[in-house]
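Working notes, beginning with the structure itself.
Owing to the predicted nature of the structure, the values given are computational and were not obtained by experimental measurement.
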Amino acid sequence: MSIAVYPGSFDPITCGHLDIIRRGSKLFDEVIVAVLNNSSKNPLFSAKERVELIKKSTTDIPNCRIVFFDGLLVDFVEQQGAQVVIKGLRAISDFEYEFQMALLNKQLNHNIETFFMVTNAKYSYISSSIVKEVANLGGDFSELLPKEIYKDVKQKIEKGR
C-alpha cells in the first residue's frame, strides 16, 4: 500500500492545496494531509479549526485522512507507515526551499522520498497568505478557497476586524 503525506499549515486550505490533494489521491492509496504548527507564522485558525476546514473540503476524497502533527516531518511520516512526502510547487522560489527540505529529510531518513507536484496554472498565484490579505482588505476571495469553507473563513475574518 502506498501512503503519502502532504504537510502544510493550511491556514486556510486553498483551491491550490485541494488540487494537490485530489491529484495525489489518484496516485497513492492514501493521502494523509498533515496539518502542522509553523512557529514562524501567526495562524488565523487554530490547528483544530484547520483540520475541520480541510475535512469539510475533502469529504468526496475517500482515501484522504486529515491529522494534526507537531515535530519532525520525517518522524511523523515514518509513524504513519508512509514512504512519500508530497510537496506542491507554485514557482521557482518554492522549488529552492522545498528542494533544501527534501535533501534534509532524505538525510534524516533515507527511506522517505519527496514527490514534487507542479500546481495547476490557474492556482499558481494563490497562497493562504494572499487569501487572508484579500479577505482582510474586503476583497472577493470566494474563488480562492473551496466553496465548502468560504463562509467559515469569511466569518472568521469579519470577526477579527
Side-chain angles (χ1 to χ4, degrees), residues 1-58 60-135 141 144-146 149 153:
M1 180 167 171
S2 62
I3 302 171
V5 172
Y6 180 38
S9 50
F10 306 105
D11 186 43
I13 185 173
T14 68
C15 289
H17 294 132
L18 188 57
D19 178 59
I20 296 293
I21 295 167
R22 284 189 194 292
R23 290 168 44 213
S25 73
K26 293 175 184 170
L27 299 171
F28 299 97
D29 296 323
E30 181 179 27
V31 173
I32 301 169
V33 179
V35 178
L36 60 100
N37 269 335
N38 186 334
S39 58
S40 67
K41 294 183 180 181
N42 185 20
L44 174 64
F45 292 94
S46 71
K48 183 178 178 181
E49 289 172 322
R50 286 180 276 149
V51 166
E52 289 308 312
L53 291 173
I54 299 167
K55 284 182 179 178
K56 269 187 172 182
S57 303
T58 58
D60 63 329
I61 308 171
N63 62 332
C64 177
R65 184 164 47 101
I66 298 87
V67 295
F68 171 78
F69 90 98
D70 201 8
L72 279 176
L73 176 60
V74 292
D75 292 342
F76 176 79
V77 170
E78 190 170 52
Q79 289 164 1
Q80 299 301 310
Q83 305 82 24
V84 176
V85 173
I86 297 174
K87 289 297 195 156
L89 301 175
R90 294 172 297 189
I92 295 295
S93 56
D94 286 346
F95 177 76
E96 290 173 1
Y97 174 77
E98 296 299 352
F99 183 69
Q100 286 180 324
M101 295 307 300
L103 291 174
L104 174 62
N105 288 338
K106 193 70 165 167
Q107 176 67 34
L108 294 172
N109 186 328
H110 65 277
N111 294 318
I112 296 172
E113 296 293 338
T114 300
F115 186 81
F116 293 111
M117 294 183 74
V118 177
T119 301
N120 185 314
K122 67 182 177 181
Y123 304 126
S124 63
Y125 65 95
I126 301 174
S127 69
S128 296
S129 299
I130 286 174
V131 169
K132 290 183 281 193
E133 186 171 345
V134 170
F141 60 99
L144 308 177
L145 299 172
I149 66 165
V153 175

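- Scanning for salt bridge (Lys or Arg N to Asp or Glu O under 4.0 Å) contacts around Asp60 gives Arg22, with sequence neighbours left out.
- For the side chain to side chain donor-acceptor pair (under 3.5 Å) test, no residue two or more places apart in sequence or in another chain qualifies with Gln83.
- The two residues Ile21 and Cys64 come nearest to each other via the heavy atoms CG2-SG, 3.8 Å.
- Leu144 has its side chain within reach of Tyr125: a pair of non-hydrogen atoms, C-beta onward, lies under 4.5 Å apart.
- Contact detail for Arg90 and Ser127: the closest heavy-atom pair is NH1-CB, 2.7 Å.
- Atoms NZ and CD1, on Lys55 and Ile149 in that order, are 14.5 Å from each other to the nearest 0.5 Å.
- The CD atom of Glu133 sits 13.0 Å away from atom OG of Ser128, with the distance rounded to the nearest 0.5 Å.
- One finds the CD1 atom of Ile66 at 8.0 Å from the CD1 atom of Ile61 (value rounded to the nearest 0.5 Å).
- With contacts defined as side-chain heavy-atom distances shorter than 4.5 Å, the pair Phe45/Val153 qualifies.
- The shortest side-chain heavy-atom distance between Pro146 and Lys56 does not fall under the 4.5 Å cut-off.
- Closest approach of Ser9 to Val35, counting heavy atoms only: O-CG1, 4.1 Å.
- One finds the CD1 atom of Ile86 at 7.5 Å from the CG atom of Leu27 (value rounded to the nearest 0.5 Å).
- Between Leu36 and Pro7 the shortest heavy-atom distance is CD2-CB, 4.1 Å.
- The minimum heavy-atom distance between Val5 and Ala34, with the atom names listed, is CG1-CB, 3.7 Å.
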Contacts table for residues 112-120: side-chain donor-acceptor under 3.5 angstrom, sequence neighbours left out:
residue: Glu113; atom: OE2; partner: Lys106; partner atom: NZ; Å: 2.7
residue: Thr119; atom: OG1; partner: Leu89; partner atom: O; Å: 3.1
residue: Asn120; atom: OD1; partner: Lys122; partner atom: N; Å: 3.0

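- A salt bridge is defined here as a Lys NZ or Arg NE, NH1 or NH2 lying under 4.0 Å from an Asp or Glu carboxylate O, and Lys87 with Asp94 fails to meet this definition.
- Side-chain contact check for Thr14 versus Tyr123: every heavy-atom pair is 4.5 Å or farther apart.
- With a 4.5 Å cut-off on side-chain heavy atoms, Leu18 and Thr58 count as touching.
- For the pair Asn111 and Val77, the minimum side-chain heavy-atom distance is 4.5 Å or more.
- In this structure the side chain of Asp29 never reaches within 4.5 angstrom of the side chain of Asn63, judged on heavy atoms.
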side-chain contact (heavy atoms from CB on, under 4.5 Å) assessment of Asn105 paired with Asn109: CA-CA 6 Å; Asn105 288 338; Asn109 186 328; over 6 Å; no

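- Contact of the Asn37 side chain with the Phe68 side chain is registered, since non-hydrogen atoms from C-beta on lie closer than 4.5 Å.
- With rounding to the nearest 0.5 Å, the separation of OG in Ser2 from CD in Glu30 is 9.5 Å.
- Taking the six-membered ring for Trp and thresholds of 30 and 60 degrees, Phe76 and Phe69 have nearly parallel ring planes, at less than 30 degrees apart.
- With rounding to the nearest 0.5 Å, the separation of CG in Leu103 from CD in Gln107 is 9.5 Å.
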